[in-house]
Amino acid sequence: MKVLVTGGLGYIGSHTTVKLLEEGFDVVIIDNLSNSKIDVLDRIEQIAKKRPRFYNFDVQNKESLESVFVSEKPEAIIHFAGFKAVGESCQKPLMYYENNLLSTFALLDMMQKYPKCKNFVFSSSATVYGEPDSVPLTENSPIKQATSPYGQTKIMIEEILTDFSKVQKVNIAILRYFNPIGAHQSGLLGEDPNGLPNNLFPYINKVAVGALPKLNIFGNDYKTCDGTGVRDYIHVLDLAKGHVLALKKLEKDCGLFVCNLGTGKGTSVLELVKAYEKANNIKIPYEFAPRRAGDIDENFAGTEKAKKELGFVCDYTILDACRDGYNFQTQELKRMKDKK
Ligand code: NAD
Ligand code: UD1
């Protein structure tokens with residue numbers, strides 16, 4: 001099957017592309033490099049021993065997009081392209097609504113025009129569940145009022161896809177990711193945000209290699225096992241596998257399919273720090289800081305549906321993710337130094 005991967009040079013897209021190539025899928029990437037580097041393409045090839053075809057443009061550009069549909073004739077799309085920083089989305093809401101919504105519209109428009117492409121996988125997020133009434137969160141848990149424009153774009157796109165699936169003969173998988181962490185074992189792919197990381201795991205990575213002095217733990221008075229926030233951290237390679245399984249499900253003409261991708265296990269910030277220290281035999285200095293606005297006590301995924309309908313189970317542990325994340329960050333630092 002030929003798969004168009006938008007945002008294929010980004011964090012989750014690059015790992016998924018490797019997995020797709022390893023599984024024998026033909027992959028075409030569109031990425032405008034707004035949050036990724038072109039080197040990732042070589043690294044994908046280095047790992048998978050195959051080079052995906054690559055187009056550098058904004059998915060919103062309908063002319064360029066159509067030329068790719070005409071020349072490549074994709075049968076499926078995995079749509080990762082979009083902006084994802086919660087804080088930035090509150091500062092620049094229009095930029096988020098524009099990029100996340102219009103890129104999706106452009107792709108759905110192409111699916112209408114080129115019906116040979118009838119499978120669509122969308123990167124949604126556990127953020128759509130907001131503050132949970134109870135955990136684990138199942139796919140039937142209520143969707144809550146979003147606390148950021150970023151979260152709102154995910155809710156809106158889920159609704160648009162649901163309506164689209166009612167009128168167009170297409171198969172759509174809405175995958176609600178919990179917290180992806182870790183990196184490829186080769187140390188070639190991972191998440192290395194510019195500037196101060198917003199998310200916990202990349203922040204720990206930077207502290208681990210000495211690029212930042214200490215971790216600030218936002219709040220130690222949550223209603224959790226040790227007072228720090230609890231989330232469901234899933235290894236990015238497991239997440240990548242989930243996309244391949246979702247494509248296989250869509251191939252069976254399943255229509256609309258909504259599914260969590262998580263481990264089913266909650267881990268607190270302190271537990272993650274301890275795991276990181278254990279996996280890598282290092283110390284992560286930390287300090288407690290005030291709560292971050294909008295944060296919730298606890299969430300983790302109900303995994304029954306993914307297991308039953310996709311055959312999805314996680315292969316990697318938190319310790320694996322901590323080891324792989326540190327390995328990537330160490331290698332990345334060395335690569336940066338060598339470049340200078
Ligand atoms: P990322 O920023 O690393 O990857 C996104 C890629 O899309 C980047 O390479 C960027 O250059 C590209 N891109 C953005 N807008 C584009 C456009 N209009 N045209 C072409 N390319 C464009 O992000 P990620 O962590 O890999 O996330 C991928 C998707 O998963 C996003 O939609 C994100 O909202 C969603 N998601 C991520 C997380 C997470 O924790 N990383 C959690 C839940 C959902
Ligand atoms: C965040 C987003 C969510 C998005 C997800 C993936 C918010 C409120 N939510 O989820 O919408 O889908 O990222 O991009 O931003 N923490 C610290 N110190 C830090 C960073 C985080 O203690 O420096 C804590 C947080 O308080 C939280 C946990 O670590 O308890 C995880 O935070 P983070 O990695 O940012 O993910 P989420 O907030 O779960």
Side-chain angles (χ1 to χ4, degrees), residues 5-16 29-38 40 55-61 64-65 78-90 95-96 98-104 106-107 122-130 146-148 150-151 153-154 157 175-181 189-193 196-204 206-207 212 214-220 222 224 228-234 236 239-240 243 261-262 267-270 272-273 286-300:
V5 179
T6 74
L9 296 190
Y11 174 47
I12 307 170
S14 57
H15 289 84
T16 304
I29 291 176
I30 301 175
D31 197 306
N32 65 356
L33 304 179
S34 56
N35 197 35
S36 52
K37 300 188 185 92
I38 190 66
V40 172
Y55 296 88
N56 176 356
F57 64 83
D58 190 319
V59 177
Q60 293 174 64
N61 182 331
S64 306
L65 190 60
I78 306 184
H79 182 32
F80 292 108
F83 294 146
K84 63 164 183 177
V86 174
E88 186 185 50
S89 79
C90 298
M95 187 173 109
Y96 272 68
E98 187 172 314
N99 193 34
N100 293 5
L101 292 174
L102 297 189
S103 60
T104 308
L107 292 165
F122 176 62
S123 299
S124 191
S125 164
T127 197
V128 301
Y129 296 119
T147 52
S148 70
Y150 164 74
T153 66
K154 294 297 177 195
I157 294 170
L175 302 181
R176 294 178 180 153
Y177 313 155
F178 281 68
N179 292 46
I181 61 168
L189 301 176
E191 188 179 25
D192 186 30
L196 219 53
N198 299 306
N199 298 113
L200 178 62
F201 195 81
Y203 205 107
I204 296 178
K206 298 257 182 192
V207 174
L212 289 169
K214 63 171 169 38
L215 170 71
N216 293 305
I217 297 184
F218 300 145
N220 60 349
Y222 283 104
T224 60
T228 65
V230 166
R231 299 289 184 276
D232 185 340
Y233 297 98
I234 175 169
V236 66
L239 201 61
H243 289 77
L261 286 180
T267 302
S268 75
V269 177
L270 274 177
L272 187 63
V273 169
Y286 67 83
E287 203 169 85
F288 291 114
R291 288 181 175 206
R292 182 174 67 178
D295 273 353
I296 56 171
D297 298 77
E298 173 172 42
N299 78 8
F300 57 90

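Numbering of ligands and ligand atoms starts at 1, following listing order. Being a predicted model, the structure only gives us computed values, none of them experimental.
Summary of contacts: the protein heavy atom closest to atom 18 (N) of ligand 2 is Asn216 O, 2.7 Å. Of the protein's non-hydrogen atoms, the one nearest atom 37 (P) of ligand 2 is Asn179 ND2, 3.6 Å. The protein atom (non-hydrogen) at minimum distance from atom 29 (C) of ligand 1 is Phe80 O, 3.2 Å. Closest protein heavy atom to atom 9 (N) of ligand 2: Val86 CG2, 3.8 Å. Atom 13 (O) of ligand 2 has Asn199 ND2, 3.0 Å as its closest protein atom, hydrogens excluded (heavy atom only). The protein non-hydrogen atom at the shortest distance from atom 25 (C) of ligand 2 is Asp295 OD2, 3.4 Å.
Below 3.5 Å of separation, one finds no N or O of Gly294 facing any N or O of ligand 2. Residue Pro180 places no N or O, backbone or side chain, under 3.5 Å from any N or O of ligand 1. At a 3.5 angstrom cut-off on N or O pairs, His79 does not count as close to ligand 1. For the pair Leu200 and ligand 2, the shortest N or O to N or O distance falls below 3.5 Å. Taking only nitrogen or oxygen atoms, main chain and side chain alike, Tyr177 does not reach within less than 3.5 Å of ligand 1. Residue contacts with ligand 1: Gly10 is placed with a nitrogen or oxygen under 3.5 Å of a nitrogen or oxygen of the ligand (distance criterion only).
Between Tyr150 and Tyr96, the ring planes are perpendicular. Angles over 60° get that label, and only those under 30° would be called parallel.
Within ligand 1, counting atoms from 1 as listed, the ones closer than 4.0 Å to a heavy atom of Ser123 are 29 (C), 30 (O), 32 (O), 35 (C). Residue-ligand proximity, Gly229 to ligand 2, at heavy-atom distances under 4.0 Å covers atoms 30 (O). For ligand 2, the atoms closer than 4.0 angstrom to any heavy atom of Asn198 are 20 (C), 35 (O). Taking every heavy atom of Ser36 and a limit of under 4.0 angstrom, the matching atoms of ligand 1 come to 8 (C), 9 (O), 11 (O). Less than 4.0 angstrom separates some heavy atom of Gly7 from each of these atoms of ligand 1: 6 (C), 7 (O), 12 (C). Residue Ser34 has at least one heavy-atom neighbour below 4.0 Å for each of these atoms of ligand 1: 10 (C), 11 (O), 13 (N), 14 (C), 15 (N). Close approach of ligand 2 to Val269 (heavy-atom distance below 4.0 Å) involves ligand atoms 24 (C), 28 (C), 29 (O), 30 (O). Near Tyr150, meaning under 4.0 Å from any of its heavy atoms, are these atoms of ligand 1: 33 (C), 34 (O), 36 (N), 43 (C), 44 (C).
Taking 4.0 Å as the cut-off, Ala126 does not count as a neighbour of ligand 1 on heavy-atom distance. Distances from ligand 1 to the non-hydrogen atoms of Asp58 include at least one value under 4.0 Å. Residue contacts with ligand 2 leave out Tyr177, since none of its heavy atoms falls under 4.0 Å from the ligand. Using a 4.0 Å heavy-atom cutoff, Tyr233 is listed among the residues neighbouring ligand 2. The shortest heavy-atom distance from Asn99 to ligand 1 is under 4.0 Å.
Summarising the geometry of Lys154 relative to Ser123, their closest heavy-atom pair is NZ-O, 2.9 Å, with the distance given to 0.1 Å.
For atom 38 (O) of ligand 2, the nearest non-hydrogen atom from the set Glu298, Arg292, Arg231 belongs to Arg292. Atom 12 (C) of ligand 1 has its nearest heavy-atom neighbour, among Asn100, Val236, Asp31, in Asp31. In this comparison of Gln60, Lys84, Lys37, the heavy atom closest to atom 23 (O) of ligand 1 sits on Lys84. Ranked by closest heavy atom to atom 20 (C) of ligand 2, the top entry among Tyr203, Tyr222, Phe218 is Phe218.
A centroid separation of less than 6.0 Å is found between the aromatic rings of Tyr177 and His243.
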